[in-house]
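Treat the numbers as computed from the prediction; the structure is a model and nothing was measured.
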Amino acid sequence: MTHSNWTLLLSAIFVMPLLMTLFLLMKWWPSMNKEKYLAKIKKLLNLARKSTNTNEAAAALRQAQNLMKQHNVSEQDVAFINISEASSKGAPSNAQTPPRYMGWLVDVINRAFGVQAMLDWRYSKYGDARRIVTFYGPDCRPQIAAYAFDVLARQLTAARREFIASLHRNTKPATRTARADQFCEGWAAGVWEVVAQLAPTESEATLMAAYRKRQIDQGMQTATCRDARKCRGGESAGTAGYLAGRRAKLSHAVNGATGVQRIGREV
């Protein structure tokens, strides 16, 4: 290898990491900077509303309005800083049209943690798509909801696999799949029966509805789910799933929060 080639190689070794760092900074800096000035605007608006000093309140409101005008920010944008998002690691199905039982499981999580959700895709570096669920709502609830969804999704997948293994080996593949789908619908219904509901406040519900509308305005589409196909033995499969779902547990803490021990109530 010539001296010039060695020089080019060494340059690539040292320059490429620097270029990648600059690329990441250019990609993430705007959003980080936006969160920073949104937080400042929110703090000023809160001061303007709560301050008993008229001059202080007026000055805070004026400063907030100047920042909002400078960054082209609406008051709703500031309100949305209270809404966070968190995505699951995966989902029970990667189908383009998700099965009904997956939609029900998402509803269970929404009900348990007072959040809302949207279906999305995560792509690997090879371009492979994997279905995920993104939860959104107040404070850190979406992070807990995404964790809970992953835990229950793994339990559902394991229960489905165990149910399929219990079927007669001569069961046709189509019937096997249909019964397993019926089982999973029953499982999700069983979890729904024992879940403890956390209802969002009226203001939280209004804010999440506004957030959803903005997502729809930006191109988010309403998802449709497919029902399990009717088949012989489907009802008994659904009943078995329902009984299994009522035994579902969430027994691990989230981010060290010992308050999250399980989903549900005593029945």
Side-chain angles (χ1 to χ4, degrees), residues 1 4-36 38 80-81 83-110 113 115-137 139-161 164 177 180-181 184 188 211-212 214-226 250 252-257:
M1 185 178 290
S4 59
N5 287 339
W6 273 111
T7 303
L8 288 172
L9 178 61
L10 290 173
S11 298
I13 291 172
F14 289 104
V15 171
M16 284 305 293
L18 178 60
L19 290 176
M20 285 299 297
T21 301
L22 289 173
F23 172 78
L24 290 173
L25 282 173
M26 290 172 64
K27 181 179 179 180
W28 294 111
W29 178 257
S31 62
M32 291 169 62
N33 198 38
K34 183 178 180 181
E35 288 180 7
K36 187 175 180 179
L38 282 176
F80 283 156
I81 197 172
I83 298 291
S84 62
E85 292 184 2
S87 297
S88 64
K89 293 180 179 179
S93 172
N94 286 322
Q96 183 68 37
T97 302
R100 178 68 59 193
Y101 64 80
M102 187 171 125
W104 286 353
L105 187 60
V106 172
D107 285 342
V108 166
I109 298 299
N110 289 346
F113 297 103
V115 295
Q116 291 296 316
M118 48 192 171
L119 301 183
D120 205 349
W121 296 98
R122 178 175 290 147
Y123 294 89
S124 71
K125 60 181 180 181
Y126 303 107
D128 299 323
R130 185 176 187 181
R131 174 69 76 185
I132 60 172
V133 181
T134 298
F135 295 92
Y136 60 91
D139 306 320
C140 63
R141 289 188 211 165
Q143 287 74 22
I144 302 173
Y147 166 83
F149 179 82
D150 282 327
V151 171
L152 291 182
R154 284 195 295 271
Q155 291 183 39
L156 171 59
T157 301
R160 178 188 178 94
R161 190 162 49 242
I164 290 175
T177 298
D181 286 348
C184 289
Y211 191 83
R212 175 181 174 80
R214 188 180 73 166
Q215 296 297 106
I216 292 174
D217 291 342
Q218 292 177 350
M220 183 181 78
Q221 298 178 346
T222 302
T224 56
C225 297
R226 60 170 178 83
L250 177 65
H252 298 286
V254 182
N255 292 332

Which pair of non-hydrogen atoms, one from [X] and one from [Y], has the smallest distance, and what is that distance?
X: V115; Y: I109; answer: CG2-O, 4.1 Å
X: G103; Y: C225; answer: CA-SG, 4.1 Å
X: R160; Y: C184; answer: NH1-SG, 3.4 Å
X: P98; Y: L119; answer: CG-CD1, 3.5 Å
X: T97; Y: T224; answer: CG2-O, 3.4 Å
X: Q143; Y: E85; answer: NE2-O, 3.5 Å

More than 12 non-hydrogen atoms from neighbouring residues, nucleotides or ligands closer than 6.0 Å to CZ on R212, yes or no? no

Is the number of heavy atoms from other residues, nucleotides or ligands within 6.0 Å of CD (Q221) greater than 12? no

Between [atom1] of [X] and [atom2] of [Y], what distance do you get to the nearest 0.5 Å?
X: F149; Y: S87; atom1: CZ; atom2: OG; answer: 11.0 Å
X: D181; Y: Y101; atom1: CG; atom2: OH; answer: 5.5 Å
X: Q155; Y: D150; atom1: CD; atom2: CG; answer: 11.5 Å
X: I164; Y: T177; atom1: CD1; atom2: OG1; answer: 6.5 Å

Is there a side-chain contact between [X] and [Y], using heavy atoms and a 4.5 Å cut-off?
X: K89; Y: Y147; answer: no
X: F135; Y: V106; answer: yes
X: M220; Y: M118; answer: yes
X: F80; Y: R214; answer: yes

Determine whether a donor-acceptor pair (N or O, by modelled atom type, separation under 3.5 Å) exists between the side chain of [X] and the backbone of [Y].
X: R122; Y: S88; answer: yes
X: N94; Y: R131; answer: yes
X: D120; Y: V133; answer: no
X: S84; Y: D139; answer: yes
X: T157; Y: P92; answer: no

Determine the interplanar angle of the Y136 and Y211 rings, folded into 0 to 90°, and report it as parallel if under 30°, tilted if 30 to 60°, perpendicular if over 60°. tilted

